[in-house]
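Notes for the one structure printed next.
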Amino acid sequence: MMKSYLALFLLGAVLASCSEKDLDILPSDQLSDATVWTDSSSANLFLNDIYNSLNAGPYGSSWLNLPTQIGNDGLDDYTDDATYGAASGTPSYQLFDNSSYGPSNLLFTNTWKIMYANIRKCNLMIQKVSASDFSDATKRVMVAQARFLRVYFYKTLIDLYGGVPLITKVLDNNTGADSLFYPRSTYPECVAFIQSECTAAAADLPQQWTGKDVGRATWGAAMALKGEEELYAGKWQDAAATNKAIMDAGVYALFSDYAGLFYADHENNEEVIFDIQFAPNVRPKHINQYWGVVEVSKGGGWGNCDPTQDLVDCYEYLDGKTAGEGSAQYDPDHPYAHRDKRFYASVIYDGSIWRGKTIYTRLGVPNNPNEINITGKSGNTGRTGYFMKKLQDSTIASTPSDLDGTNVIVFRYAEVLLNYAEAQNEAAGPDASVYSALNEIRGRAGLPSLPEGLDQNAMRERIRRERRVELAFEGKRFYDIRRWKTAADIFSRPIHGMKITEVSGKLRYEKIEVRKVTFDAPKNYLMPVPQYAIDQNPKLTQNPSY
């Protein structure tokens with residue numbers, strides 16, 4: 001397999017120009033136009049450096065970018081889908097659960113700073129390439145990529161903080177302090193900016209790249225970003241139209257194997273719209289180490305993104321019903337049999353075969369590092385009776401020395417179908433096109449079609465459940481439960497795991513509380529603007545109640 005990898009080249013002068021400032025300020029004495037902007041190949045290295053600024057994790061700094069948080073936590077640890085393990089220094093445990101985060105003790109410490117540093121790079125790229133002597137075709141596609149990346153970084157900020165300062169030019173210290181500081185634009189203004197920028201970028205981006213350029217932004221990537229933000233903003237008709245345009249283009253399709261979709265052997269398949277490129281030993285990630293099953297003998301496996309029983313309960317049986325809905329295939333003595341294919345692809349449960357051995361999370365198995373931790377003991381342990389399987393490669397051990405170079409998918413066609421179904425249902429009700437989109441996804445999972453005759457409310461609930469299981473551990477539910485304004489209700493109840501014991505030769509399954517989250521609504525539906533940003537920019541205002 002040939003690995004497509006964009007971000008291998010860094011320019012020393014470029015990196016020097018992109019210091020850790022929070023605003024888009026160009027130190028004019030640190031960048032040589034003669035060596036960068038007079039040659040399209042050198043300019044392309046600068047563009048590669050921007051791609052290199054996409055999510056680089058997980059690593060040890062705490063900041064957030066799609067699709068997961070960099071650090072010990074998975075982004076789903078801030079939802080009811082997963083919970084942290086016993087690893088120290090975990091923000092979801094230290095700050096999120098007790099709602100003690102604020103402007104000076106942030107969940108995502110450097111997100112604001114890093115996103116604006118990346119936005120500055122994009123602004124510089126757009127300005128310099130637009131003014132260059134490159135051919136018109138070269139300029140169009142370079143600028144379009146930079147505009148996509150700029151709005152990608154803005155989307156991270158907007159989805160976390162609401163309205164933010166929209167800076168679209170390179171700021172210069174020599175113009176005076178007043179011109180350096182921008183107030184926050186409103187949330188609707190920011191959404192409109194994303195819409196217009198994505199439309200402009202899509203017009204000049206190709207539908208596909210080939211060879212070494214695979215992984216660059218495409219028409220579909222710009223449209224998917226636009227459609228997702230329209231969905232998040234509740235712009236139902238716009239979101240339905242944008243996602244329908246992607247569906248009608250015929251460029252993408254569901255990959256036949258849901259489990260294989262996330263393996264290195266199937267990277268850049270027909271379902272992938274935009275992914276972040278990784279490579280072992282060059283730009284690896286450590287999901288297996290941080291989130292994998294505990295492997296004490298190998299020095300890895302932190303179990304720090306453990307699926308919850310609440311998520312497991314959402315996976316239907318093959319008759320299309322959950323246990324709570326009275327599935328005829330539910331057997332309380334064998335609760336993991338006859339489930340949605342996505343369950344087996346996503347969750348390691350008691351009795352699963354993983355890396356050639358049986359994983360037991362039940363109590364009572366001697367010398368078992370994967371036994372559920374119900375006593376709060378320290379060290380690398382699992383807390384729910386489950387481990388995350390999805391996104392992991394079974395051939396790569398949960399150790400620091402085994403580096404995973406599998407790409408991370410940001411947008412894929414299944415999400416487009418889900419986005420369309422939700423937007424169309426909200427705009428027009430559960431028409432045939434809504435059923436068609438959802439049933440296409442369900443068919444791959446081995447599930448029957450949805451029952452006919454659902455009203456809008458019932459369809460809404462089915463769409464939300466479908467999103468939850470289809471997109472589990474891809475960092476989407478964090479935003480879903482906030483835009484739906486359901487997080488307060490979700491976190492008003494305990495989060496559960498599964499304790500399994502053997503009694504008289506028979507396994508006994510007991511749902512137990514493993515976590516309680518304090519969620520302060522409406523305050524916590526947005527993140528606090530960092531105090532360091534407010535201290536620097538007198539025009540910035542804080543989100544309510546922080």
Side-chain angles (χ1 to χ4, degrees), residues 69 73-86 90-101 107 303-317 321-327 330 332 335-336 339-340 343 346-347 349-350 361 372-376 381-388 422 457-458 460-500 508-527 545:
Q69 183 187 340
D73 275 325
L75 190 53
D76 281 39
D77 283 354
Y78 299 90
T79 76
D80 53 339
D81 276 3
T83 190
Y84 48 82
T90 305
S92 60
Y93 165 72
Q94 294 178 317
L95 299 172
F96 179 71
D97 277 13
N98 56 23
S99 190
S100 64
Y101 53 96
L107 286 179
N304 216 42
C305 188
D306 300 337
T308 64
Q309 186 63 43
D310 308 85
L311 171 64
V312 169
D313 287 344
C314 286
Y315 286 95
E316 298 172 15
Y317 291 84
K321 296 180 180 180
T322 64
E325 293 168 336
S327 170
Y330 167 62
Y336 306 129
R339 300 294 278 267
D340 180 335
F343 171 71
S346 303
V347 178
Y349 55 92
D350 184 81
T361 63
I372 184 173
N373 178 3
I374 60 174
T375 62
T381 58
R383 298 179 59 236
T384 66
Y386 303 102
F387 292 100
M388 188 185 77
E422 180 179 349
N457 288 333
R460 180 183 298 119
E461 293 308 308
R462 296 305 293 258
I463 290 169
R464 291 183 178 185
R465 186 163 82 194
E466 206 67 49
R467 285 185 68 88
R468 186 175 187 181
V469 298
E470 175 69 27
L471 302 175
F473 314 122
E474 295 181 52
K476 305 291 182 175
R477 187 162 175 82
F478 175 90
Y479 300 102
D480 281 349
I481 64 176
R482 285 159 178 78
R483 66 183 177 88
W484 293 332
K485 298 297 186 286
T486 58
D489 179 60
I490 286 169
F491 292 130
S492 69
R493 302 181 295 271
I495 295 171
H496 299 92
M498 178 60 72
K499 183 176 79 171
I500 306 172
R508 175 183 173 187
Y509 296 86
E510 179 185 357
K511 187 184 295 188
I512 61 170
E513 179 179 334
V514 297
R515 185 183 186 190
K516 189 73 170 65
V517 175
T518 299
F519 190 87
D520 186 359
K523 171 185 173 181
N524 292 155
Y525 281 118
L526 293 174
M527 292 293 110
S545 302

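Note that this is a predicted model, so its numbers are computed, not measured.
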Asp310 side-chain N/O to His496 backbone N/O, donor-acceptor pair under 3.5 Å | yes

Results of salt bridge (Lys or Arg N to Asp or Glu O under 4.0 Å) for Asp80 - residues two or more places apart only = Arg468, Arg477

Is the closest side-chain donor-acceptor distance between Asp520 and Ser99 under 3.5 Å?
-> no

With sequence neighbours excluded, residues passing side-chain contact (heavy atoms from CB on, under 4.5 Å) with Asp340 | Tyr315, Arg342, Ala445, Leu447, Val469

Would you call Arg462-Glu316 a salt bridge at under 4.0 Å N-O?
-> yes

Which residues pass the side chain to side chain donor-acceptor pair (under 3.5 Å) test with Asp313, sequence neighbours left out?
-> Gln309, Lys511

Can you name the side-chain contact (heavy atoms from CB on, under 4.5 Å) partners of Arg493, sequence neighbours left out?
-> Asp489, Ile490

Answer with yes or no whether the side chains of Asn524 and Tyr101 bring together a donor and an acceptor at under 3.5 Å.
-> yes

Closest non-hydrogen atom pair between Met388 and Pro307, with its separation | N-CD, 3.4 Å

Examine distances only and state if a side-chain atom of Asn373 and a backbone atom of Arg383 form a donor-acceptor pair shorter than 3.5 Å.
-> no

Check Lys476, Arg483, Arg464, Arg465 against Glu422 for a salt bridge (charged side-chain N to carboxylate O under 4.0 Å, His left out) and give me the one that passes.
-> Arg483

Set of ring-ring contact (aromatic ring centres under 6.0 Å, His included) partners for Phe491, sequence neighbours left out = Phe96, Phe519

What are the two closest heavy atoms between Tyr84 and Asp306, and how far apart are they?
-> O-OD2, 4.3 Å

Which residues pass the side-chain contact (heavy atoms from CB on, under 4.5 Å) test with Ile500, sequence neighbours left out?
-> Tyr336, Asp350, Thr361, Arg362, Met498, Leu507, Tyr509

